[in-house]
Amino acid sequence: MPTKTPEDIIIQALQGALVAYPQEDDMECEWIAHEQCMHVAKTIVSELAAKGFEIVRK
């Protein structure tokens, strides 16, 4: 099993947690797109690195 990157783990967490909820009368839910989760994950990792934080495996 390949080692997951911090981005992969953040993407999984975002996909599991973020759902676009339906409008008042619209009963359909739509999951946040994988590409959007990838963008947010990369931004989070970049911001952490810029602030001097480092993600390391325990």
Side-chain angles (χ1 to χ4, degrees):
M1 185 168 162
T3 303
K4 290 186 176 185
T5 65
E7 289 93 347
D8 291 335
I9 295 167
I10 294 169
I11 290 167
Q12 266 188 319
L14 288 170
Q15 286 178 319
L18 296 178
V19 175
Y21 291 98
Q23 300 278 330
E24 292 176 20
D25 293 333
D26 184 11
M27 295 306 290
E28 289 186 35
C29 289
E30 183 179 316
W31 292 102
I32 302 300
H34 181 75
E35 293 77 23
Q36 291 171 313
C37 291
M38 286 174 42
H39 175 73
V40 171
K42 288 180 182 190
T43 302
I44 290 170
V45 171
S46 293
E47 283 295 312
L48 288 170
K51 303 285 191 260
F53 290 92
E54 183 179 7
I55 298 173
V56 296
R57 184 174 293 274
K58 215 171 166 182

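Atom set for the values below is all heavy atoms of this structure, side chains included, hydrogens, waters and symmetry mates excluded.
- Annotation: side chain to side chain contact (heavy atoms under 4.5 Å, CB included) contacts of Ser46 (sequence neighbours excluded): none.
- Listed by chain and number, the residues in a side chain to side chain contact (heavy atoms under 4.5 Å, CB included) with Leu48 are Ile44, Phe53, Ile55 (sequence neighbours excluded).
- Among residue pairs with one or both ends in residues 38-52, those qualifying as salt bridge (Lys or Arg N to Asp or Glu O under 4.0 Å) are Glu47-Lys51; sequence neighbours excluded.
- Residues forming a side chain to side chain donor-acceptor pair (under 3.5 Å) with His39 (at least two apart in sequence, or on another chain): none.
- Listed by chain and number, the hydrophobic cluster partners of Met38 are Ile11, where partners are ILVMFWY side chains within reach of under 4.5 Å, directly or through others.
- Shown here are the side chain to side chain donor-acceptor pair (under 3.5 Å) partners of Thr43, two or more places apart in sequence or in another chain: there are none.
- The two residues Lys4 and Arg57 make their nearest non-hydrogen contact at O-NH2, 3.6 Å.
- A pairwise comparison of heavy atoms in Val45 and Pro6 identifies CG2-CB, 4.5 Å as the closest pair.
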